[in-house]
Engineer: 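Let me give you the structure first, and then I'll get to my questions.
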Amino acid sequence: MSIPPLSDSEFERYSRQIMLSEWGEEGQSRLKQAKVLIVGCGGLGTAASLYLAGAGVGNLVLADDDAVERSNLSRQVAYREGNLGESKARALSAQLMALNTLIQCRAVERYLVDRALDLEVSLADVVLDCSDNMATRQAVNEVCRKSCTPLVAGAAIGWQGQLMVFDFAASISPCYHCLFPASKDASPRNCQSAGVVGPVAGVIGNLQALEALKLLTQTKSIPSRFYQLDGQSLSLRAMSIPIDSDCAVCHPHNSSHVSEVPDEHLA
């Protein structure tokens with residue numbers, strides 16, 4: 001597939017990142033024709049989408065069935081008080097289009113499931129899971145694994161954040177279910193029940209955007225890794241993700257091992 005050239009306006013707008021030897025004009029052109037699906041327009045999704053829009057990802061699909069509430073504003077900083085009561089997907093789309101008129105945004109104001117989820121994932125080059133519940137995470141993981149679509153998953157709660165990268169398009173890879181089997185999620189937590197520090201969600205969302213940009217520009221990435229952020233000590237711990245030979249999603253032929261396994265899943 002041919003890569004379209006950049007206009008003078010695009011070259012000027014994105015000049016600082018085009019200067020990077022690993023990025024260049026070709027990488028920027030790849031972003032221009034890329035499509036990213038963002039599942040969840042909360043603290044993670046708003047942070048990630050702002051940087052993806054700013055970087056020039058040509059097509060962003062924003063999926064969320066919630067409306068903006070006052071309690072969202074402390075961490076979902078793309079929204080304004082005037083957006084209270086509005087659809088998150090629609091309000092975020094408007095903010096991103098105001099940031100960058102050179103891109104396209106499409107709001108999906110519904111909970112993605114079954115065929116709708118299959119279709120949206122099949123159209124995407126990269127999927128960002130920015131959701132806040134285990135059922136959605138497991139469903140998104142399964143569809144991405146099946147369609148070989150790279151997945152960048154994030155989570156944040158309290159002072160803790162998590163980032164997971166699964167490059168299903170590249171090679172044999174573990175998946176989210178290998179790390180967090182659904183049957184083990186006996187007591188799920190989320191921001192509403194346990195609280196969250198806003199900047200922690202922002203940091204993880206920005207890291208999701210960074211990994212997505214690396215995948216889209218074909219800059220070197222480290223797939224199949226799990227990162228845990230401690231906002232209080234400002235430490236980031238990285239671990240390999242083991243392939244679960246009994247995983248109901250992967251059914252791999254081989255199993256790998258790691259020296260550390262994450263303690264819990266964050267909603």
Engineer: Side chains of I241 and R225, heavy atoms from C-beta outward: is any pair under 4.5 Å?
Structural biologist: no

Engineer: Step by step, work out the side chain to side chain contact (heavy atoms under 4.5 Å, CB included) result for M164 and V152.
Structural biologist: CA-CA 6 Å; M164 291 144 280; V152 183; over 6 Å; no

Engineer: First locate atom CD of E109, then atom NZ of K88, and finally report the distance between them rounded to the nearest 0.5 Å.
Structural biologist: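 Answer for the CD-NZ pair, E109 versus K88, is 13.0 Å.
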
Engineer: Which heavy atom of V200 sits nearest to which heavy atom of G231, and what is that distance?
Structural biologist: CG2-CA, 4.4 Å

Engineer: From R13 CZ over to I18 CD1, what is the distance, rounded to the nearest 0.5 angstrom?
Structural biologist: 12.0 Å

Engineer: Hey, does the side chain of E22 reach the backbone of G27 with a donor-acceptor pair shorter than 3.5 angstrom?
Structural biologist: no

Engineer: With sequence neighbours left out, what residues match E26 under side-chain hydrogen bond (donor to acceptor under 3.5 Å, both in side chains)?
Structural biologist: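 side-chain hydrogen bond (donor to acceptor under 3.5 Å, both in side chains) list for E26, sorted by chain: R30.
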
Engineer: Any chain of hydrophobic side-chain contacts (each under 4.5 Å) joining L210 to I103?
Structural biologist: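 Yes, it is one cluster - the side chains of L210 and I103 are joined through contacts under 4.5 Å.
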
Engineer: Does some side-chain heavy atom of C247 sit less than 4.5 Å from a side-chain heavy atom of I243?
Structural biologist: no

Engineer: Quick check: do V68 and L73 have side-chain heavy atoms less than 4.5 Å from each other?
Structural biologist: yes

Engineer: Could you work out the complete set of other residues in the hydrophobic cluster of V113, with links drawn between I, L, V, M, F, W and Y side chains under 4.5 Å apart?
Structural biologist: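 Members alongside V113: Y111.
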
Engineer: Would a distance-only check, ignoring hydrogens and angles, find a side-chain to backbone donor-acceptor pair under 3.5 Å from N206 to G202?
Structural biologist: yes

Engineer: Check for a donor-acceptor pair, side chain of D125 on one end and backbone N or O of K35 on the other, with a separation under 3.5 Å.
Structural biologist: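 Yes, D125 side chain to K35 backbone: donor-acceptor pair under 3.5 Å.
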
Engineer: Please say yes or no: joined through hydrophobic side-chain contacts below 4.5 Å, possibly via intermediate residues, are M239 and F166 part of one cluster?
Structural biologist: yes

Engineer: So, the side chain of K32 versus the backbone of P5: is there a donor-acceptor pair under 3.5 Å, distance only?
Structural biologist: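 Between the backbone of P5 and the side chain of K32 there is a qualifying donor-acceptor contact (under 3.5 Å).
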
Engineer: Which heavy-atom pair separates D244 from C178 by the least distance, and what is that distance?
Structural biologist: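 What the structure gives for the nearest pair is N-SG, 3.5 Å.
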
Engineer: Where do D64 and C41 come nearest, in terms of heavy atoms and distance?
Structural biologist: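 Here D64 and C41 meet closest at OD2-N, 2.8 Å.
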
Engineer: Quick check for you: to the nearest 0.5 Å, what is the distance between S9 atom OG and L102 atom CG?
Structural biologist: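 Output value for this atom pair is 5.0 Å.
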
Engineer: Measuring from Q208:CD to I38:CD1, what's the distance to the nearest 0.5 Å?
Structural biologist: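 These two atoms lie 8.5 Å from each other.
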
Engineer: Can you measure from CG (L50) to CD (Q95) and round to the nearest 0.5 angstrom?
Structural biologist: 8.0 Å

Engineer: Work out which heavy atom in P242 is nearest to a heavy atom in L179; give both atom names and the distance.
Structural biologist: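 Taking P242 first and L179 second, the nearest heavy atoms are CD-CD1, 4.5 Å.
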
Engineer: Do L207 and V77 sit in the same hydrophobic cluster, where Ile, Leu, Val, Met, Phe, Trp and Tyr count as joined when their side-chain heavy atoms come under 4.5 Å apart?
Structural biologist: no

Engineer: Salt bridge (Lys or Arg N to Asp or Glu O under 4.0 Å) between E142 and R145: does it pass, once the steps are laid out?
Structural biologist: CA-CA 5 Å; E142 185 171 355; R145 179 72 177 83; over 6 Å; no

Engineer: Please check if Y79 and M97 belong to a single hydrophobic cluster, counting links between Ile, Leu, Val, Met, Phe, Trp and Tyr side chain heavy atoms closer than 4.5 Å.
Structural biologist: yes

Engineer: Dump the intermediate steps for side chain to side chain contact (heavy atoms under 4.5 Å, CB included) on L216 and V36, then the final yes or no.
Structural biologist: CA-CA 9 Å; L216 292 169; V36 173; 3.6 Å; yes

Engineer: Between D129 and S131, is there a side-chain donor-acceptor contact under 3.5 Å, judged purely by atom types and distance?
Structural biologist: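 Their side chains do contain a donor-acceptor pair, which is all the 3.5 Å distance test asks for.
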
Engineer: Could you walk me through whether L62 and L96 pass side chain to side chain contact (heavy atoms under 4.5 Å, CB included), step by step?
Structural biologist: CA-CA 10 Å; L62 313 168; L96 300 182; 3.9 Å; yes

Engineer: What I want to find out is whether E120 reaches R106 closely enough, with some N-O distance under 4.0 Å, to be called a salt bridge.
Structural biologist: yes

Engineer: Quick one: are W23 and L31 in side-chain contact, heavy atoms under 4.5 Å?
Structural biologist: yes

Engineer: Checking the side chain of Q17 only, and the main-chain atoms of Y14 only, is there a donor and an acceptor separated by less than 3.5 Å?
Structural biologist: no

Engineer: Please check if L213 and L99 belong to a single hydrophobic cluster, counting links between Ile, Leu, Val, Met, Phe, Trp and Tyr side chain heavy atoms closer than 4.5 Å.
Structural biologist: yes

Engineer: Check whether N72 reaches the backbone of E69 with its side chain - one donor and one acceptor, N or O, closer than 3.5 Å.
Structural biologist: yes

Engineer: For the pair S93 (side chain) and R90 (backbone), establish whether a donor and an acceptor sit closer than 3.5 Å, ignoring hydrogens and angles.
Structural biologist: no

Engineer: So does A91 get a backbone contact from the side chain of N83, meaning a donor-acceptor N/O pair under 3.5 Å?
Structural biologist: no

Engineer: Does E211 pair with K214 as a salt bridge, N-O distance under 4.0 Å?
Structural biologist: yes

Engineer: What are the two closest heavy atoms between A209 and A48, and how far apart are they?
Structural biologist: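 So the two residues come closest at CB-O, 3.6 Å.
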
Engineer: May I ask you to list the residues sharing a hydrophobic cluster with L119, side-chain cutoff 4.5 Å, ordered by chain and number?
Structural biologist: L123

Engineer: To the closest 0.5 Å, what do you measure between SG (C105) and CG (L92)?
Structural biologist: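 The SG atom of C105 sits 7.5 Å away from the CG atom of L92.
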
Engineer: Testing the basics here: between S147 and T149, what is the closest heavy-atom pair and its distance to 0.1 Å?
Structural biologist: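 S147 and T149 have their closest heavy atoms at OG-OG1, 2.8 Å.
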
